[in-house]
**Student:** 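The structure is given below, and queries will be raised subsequently.
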Amino acid sequence: MNTGTLRRVVLSINNISKTFPGGITAIEEINLDLYEGEIVALLGENGSGKSTLVKILYGVYTPDSGEIKILTGDKLSRVNFGNPVDAMKHGIILVNQTPQLIDKLSVAENIAITLSTLRSRDHSGFTSISETSKLLKEVSESTGIRVDPNEKAYNLTYSQKQFIELLRAIIVNAKIFLLDEALSYLPIAEKKRFYDILYSLKNSGKTVLLITHKIQEAFDLSDRIVILRKGRIVGVLETKNTTVDEVRRLMFGETNNKYIINNNWSNPEEEHVIEVEDLAVRDDHGREVLSNITFCVGKGEIAGIIGVAGSGQRELVESIVGLRKPIRGKITLAGVDVVRKGIKAVREAGVGYIPDQPLKQGIACDNSIVENIAIMFSSNPILINWDIVKEKAVEIVKNYNVQSKSIDSPVKTLSGGNIMKVIIGKELSYAKQALIACNPTRALDELSANNLVSVLKYKAHAEKLSVLIASEDIDEVLTISDAVYVLNSGRLIGPFQPSKVPRERIEELMVA
Amino acid sequence: MKITILKRKKELKYGAVIASLLSILFGITIYLVIIGLFGVNLVEAINILGKSFISPTIMKDFLIIYVMGCGLLLSFKASLWNIGGEGQFYIAMIPGIVITLLLFNPETSSTTVPAFIVVLLVIITGSVVGAVWAAVAGTLKAFMNIDEVPVTLILNYIAYYLVNHLVSGPLKGKKTYGYLRTDEIPGIYRLNIILPITRTGNQFEEAVYSFLTQVSYYIALLVTAIAISVFTWWLFKYTKLGLYIKIMGSNPEYLYATGVNTKMLTLLIMALSGSIIGLSGSLYLLVEWGRIPYGIQSHTPGYGYLAILASWLSMLDHRLLPVSAYLVAGLRNTGLSIKIAGLGDTEQTLIILGSVLLGYSITRFIADYEVKIR
Ligand SMILES: Nc1ncnc2c1ncn2[C@@H]1O[C@H](COP(=O)(O)OP(=O)(O)OP(=O)(O)O)[C@@H](O)[C@H]1O
Ligand SMILES: [Mg+2]
């Protein structure tokens, strides 16, 4: 840190409020100064207004009132962003959970587009691919992230894409980095490298505003922690002078984690609900990403599969529920021969599914909450009994603590975590025999994530639901599972008993 | 100073309806200004416009466009772009001719089948043929992922060709005074109620009477339109299929992941869409034409395309479809009257339509957003 020198404010947020059409006030009277050379963590429960705030700073939304000032030269001057390009030109860039790269283009082409957009407004012309490649090489050397500028974006793994997003931000010379859950899905090793880059950015005087649901991550990384609750700032804390409990109390209004989880899957029954035998599967680009996968999950058992992003979990769960045809192998799920019968039969057998790409396969964002629930919970083949469906929707919204104005609100008006809660609630209520899930706690705040873990355990151990969870989060898998597998380069290793195998061993297996 | 544009927090009451009405007004004003600049007599033009929109002759066009619009809207809402209304409309008339003239013609054979059964048969087979015609595109889309837009369009031309071929060949009429067309279908199968002409000398009475004459003449279309409108409302409000259609339009991948057979659904939606249009085709035969003329595509204003327009103008909202169908029908009438009055060509109405669309975009924007200057 630049101790000694007086640090300057680079971004000043004064009295910003935003109410959405429909009357939901997402943030209210926000006042916050960000300094150069600091990392600030922005924490808050699902729906507290974090994404809305950064989207305002990035020019995606216009605030209803208040003003934003930015350091230009050596004084703060007021800005009004009409769109993200405006914001980028003032040195602000947003990276969120989903990489924004255009898949068909190469890395260099993607970055050249951004550069050209920024420059064309300066009338300084286009940026050539070779020029971009040179810039890329420079940042690649200074950050230690290796990239091939000519690689097509679709060939990159999720982590690689996120790194490119970060490199892009550095190349366009951003001064303020807004990261909205950008690290959430990164594998551990990659996360560490990301941390290092953030530190070096900070040391070179840049500012990072980081949204995360992992409280520990905020403590590891940040200088200050800002806490939002119901759209208002309820705490601005020096990280080194506060505690996790204090932060939790401010975030949720309660300190200790009241969901105590007891792991008691004691009597493995003989019956297997999920059986996978010698499975081999291709990814979207035709590469064989899984081979010789054999395992089974008993009735009432929770099996967890850990693997870094891109190690084949997505393809595995998709083929298990019948959405992806395997090259060879046999899958039996809830008595259904999946390869022959496909997703329809699987669903009819009472299988819930939380996909790796929740917004694609898990929900229709343009439709309302109740419509999304209706298509799964209407037993009559012709008519929808709206009374029953509405009741179900109200029940799900209540049990899973979905914050929304009404069950008739379009899903796209919910916050990221609340969308996930709708998916989880609907799939868990639907699942009678088995649940197949990919990263189920992603996007959830700590309290909701813990809540989900205990609900899952209850459903499995008391109601005899068989659960298969594929995840990139070691802690999640270790706390939740009765049996743990590691997926690495398309091969499955395990099962292990989570209590018997040390965490370090699992980490080793993941990257070996 | 900076201008900011914000989405309104509260939707304006009746925003959509007011926007529609204002845009019609806007469109007509722009049109009048333009033709005024070209020296057309505005009083006369306004007179024609007004008359066209309240003229009872608008009835038939409105009803046909509305019914077809409902059929198209079903597929459009599912993001299936059935632009083959024309083909489905005409091809559906063929079974009607075969049934009434060749199979159950009381004038040439001693048929004992009651007329209403025959009429029912005509309507059902017409719907089925329309459904099959659309389902061809549906099948190609569902199972081979071939874009339905060019396919439905090509099927229009195949239908024109096929119908014309049949009319000039196997179905060519014998009592047609030399015209190339099919014979008239027997009167007992026609669905019109014809009121006798009366003259009272009272303008208002005569207007009402003329309106009633139209209503009763097109009573079958009216009943069908009401039935289809109830059906559409019921479909989207209460049925699973209606909900599937909506979600098919927003996220088919999700629909598939919940276990819905989206291929069969694609086929079903296209077929349903085609069947409603087929229904309107067979009714048009029974109610209006009574025969199929040769060169069929030049004998109607292109209802298939007008219905697409109406459906899009309604923003795919079936509650607004009556308004947009009425607008489109009114404009078509205006075009005809303008031509008859010698004020210009029918294409002039495109100016109105264009300006209505422009007006709609503007008023819709004002209804949805507020502009702040600070
Ligand atoms: N486009 C929108 N229209 C209407 N309401 C919205 C819209 N976007 C967000 N909201 C509402 O604003 C509130 C804050 O949402 P926001 O996405 O900022 O939360 P968040 O803190 O990022 O939550 P999460 O941790 O779940 O991502 C929520 O109640 C949400 O429903
Ligand atoms: Mg968010």
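All values below come from the heavy atoms of this structure, side chains included, with hydrogens, waters and symmetry mates left out.
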**Student:** Would you give the length of the straight line joining atom CD1 of A/I384 to atom CG of B/L241, rounded to the nearest 0.5 angstrom?
**Tutor:** 9.5 Å
**Student:** Can you tell me if A/K344 has over 12 outside heavy atoms packed within less than 6.0 Å of its NZ?
**Tutor:** no
**Student:** More than 12 non-hydrogen atoms from neighbouring residues, nucleotides or ligands closer than 6.0 Å to NZ on A/K432, yes or no?
**Tutor:** yes
**Student:** Only pairs of heavy atoms separated by less than 4.5 Å count here; which of A/N372, A/N367, A/I363, A/I382 has the most with chain B?
**Tutor:** A/I363
**Student:** Can you tell me if CD on A/Q357 sees more than 12 non-hydrogen neighbours from other groups inside 6.0 Å?
**Tutor:** yes
**Student:** Kindly say whether A/L359 contributes a backbone atom to a donor-acceptor pair with the side chain of B/N251 at under 3.5 angstrom?
**Tutor:** yes
**Student:** With rounding to the nearest 0.5 Å, note down the distance linking CD in A/Q361 to CG in B/L255.
**Tutor:** 12.5 Å
**Student:** Could you tell me the separation between the OH atom of B/Y254 and the SG atom of A/C365, rounded to the nearest 0.5 Å?
**Tutor:** 10.5 Å
**Student:** Need one label for A/K426: side chain, backbone, both or neither, based on atoms under 4.5 Å from any heavy atom in chain B.
**Tutor:** side chain
**Student:** Would you indicate whether B/M315, at its atom CE, is surrounded by more than 12 heavy atoms from other residues, nucleotides or ligands within a distance under 6.0 Å?
**Tutor:** yes
**Student:** Tell me whether the count of non-hydrogen atoms from other residues, nucleotides or ligands lying under 6.0 Å of CH2 in B/W312 goes above 12.
**Tutor:** no
**Student:** Chain B heavy atoms under 4.5 Å from A/P355: which part of the residue, side chain, backbone, both or neither?
**Tutor:** neither
**Student:** Indicate yes or no: at least one non-hydrogen side-chain atom of B/V260 is less than 4.5 angstrom from one of A/I375.
**Tutor:** no
**Student:** Grab the two heavy atoms, one from B/A257 and one from A/I343, that are nearest each other, plus how far apart they are.
**Tutor:** O-CD1, 3.5 Å
**Student:** Heavy atoms, side chains only, cut-off 4.5 Å: are B/T258 and A/Y430 in contact?
**Tutor:** no
**Student:** Return the minimal non-hydrogen interatomic distance between A/E371 and B/I247, and the atom names on each side.
**Tutor:** O-CD1, 4.1 Å
